Amino acid sequence: MSARIISGVEIAKAIREELKGEIADLKAKHNVVPGLVTVLVGENPASVSYVTAKSKTAKELGIYSEQVDLSAETSEADLLALIDKYNQDEKIHGILVQLPLPKHINEARVLYAIDPDKDVDGFHPVNVGKMVLGEKCFLPCTPHGILEMLQRSGVETSGKEVVVLGRSNIVGKPIANLMLQKRPAGNATVTLCHTRTKDTDFHTKRADILIAAVGVPNLIKADQVKDGVVIIDVGVNRIGMSESGKAILAGDVDFESVKEKASFITPVPGGVGPMTITMLMKNTVQSAKQAAGLL
Ligand code: L34
């Protein structure tokens, strides 16, 4: 059997259409225009492409968007001052500082400086804490996108064995936490594996839903999963360059072999990546509504 492909491109498109309507409505009924600023420090090619896609998508949807590109030598103090400026700016409802930051900048200090009410990435400790408690907050974009993909594809999660590979703050830890909660796309029994896990194969082989977020190209092969598994592949690994100069991408899962065994699988590219960008837009709209007292 060949798996059904969960297309992040298609699901993202549907959500963006919904958002477009909401944004037009906000403008017409309340004269509210959601605003997003993206901040990029340095010129990491992957980050440049993600941030460019974020501000372009924002504009397409009718979100007011500013893009700030800073040199890799920008000081932490200057970055903090910029964040403070946008914290005060009423046109801006979402502040996104693209990660990773250059080594001389303390990432935590920067993320803590963002007003939690404008933290559309959901990385501020206030939002992380609320997320863990199951309170209303901004959900981090990649996990948020995964929840939407599961729901909109009709994947049952309640009572299922979910195995997450990777313990990052931006994917592994939050998605594991969200899926064990009593919520849509939740109620799962969750195992989180990481580099010190003794027998990762033991866990991957019993997973009903496997979420791979480790950043190792084609790590997971068909013999490491069971028949009918649902695969969410978060890896976006650059494994080479085509003749036209475009990056060749691979996921953390060996798509060609695993798709023969899985019931559902997300592709790379065109899977989780586009959802991450779209959920940033959704969070920005949520933020604008909250600021206007509409939520
Ligand atoms: N602050 N930093 C902050 N927030 C985030 O949510 C991110 N992330 C991760 C890296 N740093 C961040 C992203 O935006 C990863 N990420 C991200 C966003 C979009 C895509 C991949 C990762 C994406 O669109 N991927 C496309 C391929 C794009 C390409 O050609 O490189 C895909 O189809 O998977």
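Read the numbers this way: they start at 1 and go in the same order the structure lists the ligands and their atoms. A quick note: this is a predicted structure, and the numbers were derived from the prediction, not measured. Counting begins at 1 with the first residue of the sequence.
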Numbering as shown, the atoms of ligand 1 that approach [X] to under 4.0 Å (heavy-atom distance):
X	answer
G273	19 (C), 20 (C), 21 (C), 23 (C), 24 (O), 25 (N), 34 (O)
I277	19 (C), 24 (O)
K54	4 (N), 5 (C), 6 (O), 7 (C), 13 (C), 14 (O)
R238	29 (C), 31 (O)
G270	32 (C), 33 (O), 34 (O)
L99	1 (N), 2 (N), 3 (C), 10 (C), 11 (N), 12 (C)

Answer yes or no: is there an ion pair linking [X] with [Y], defined by an N-O contact shorter than 4.0 Å?
X	Y	answer
E66	K85	no
E60	K56	yes
K205	D223	no

Side chain, backbone, both or neither: K246 near ligand 1, heavy atoms under 4.0 Å: neither
Proximity to ligand 1 by part of S49, non-hydrogen separation under 4.0 Å: side chain
L111 reachable from F138 in the ILVMFWY side-chain graph, under 4.5 Å edges: yes
Same apolar cluster: M279 and I277, side chain cutoff 4.5 Å: yes
Heteroatom distance test (L249, ligand 1): nitrogen or oxygen, under 3.5 angstrom: no
N or O pair under 3.5 Å between T276 and ligand 1: no
Non-neighbouring partners of E161 that pass salt bridge (Lys or Arg N to Asp or Glu O under 4.0 Å), sequence neighbours left out: R206
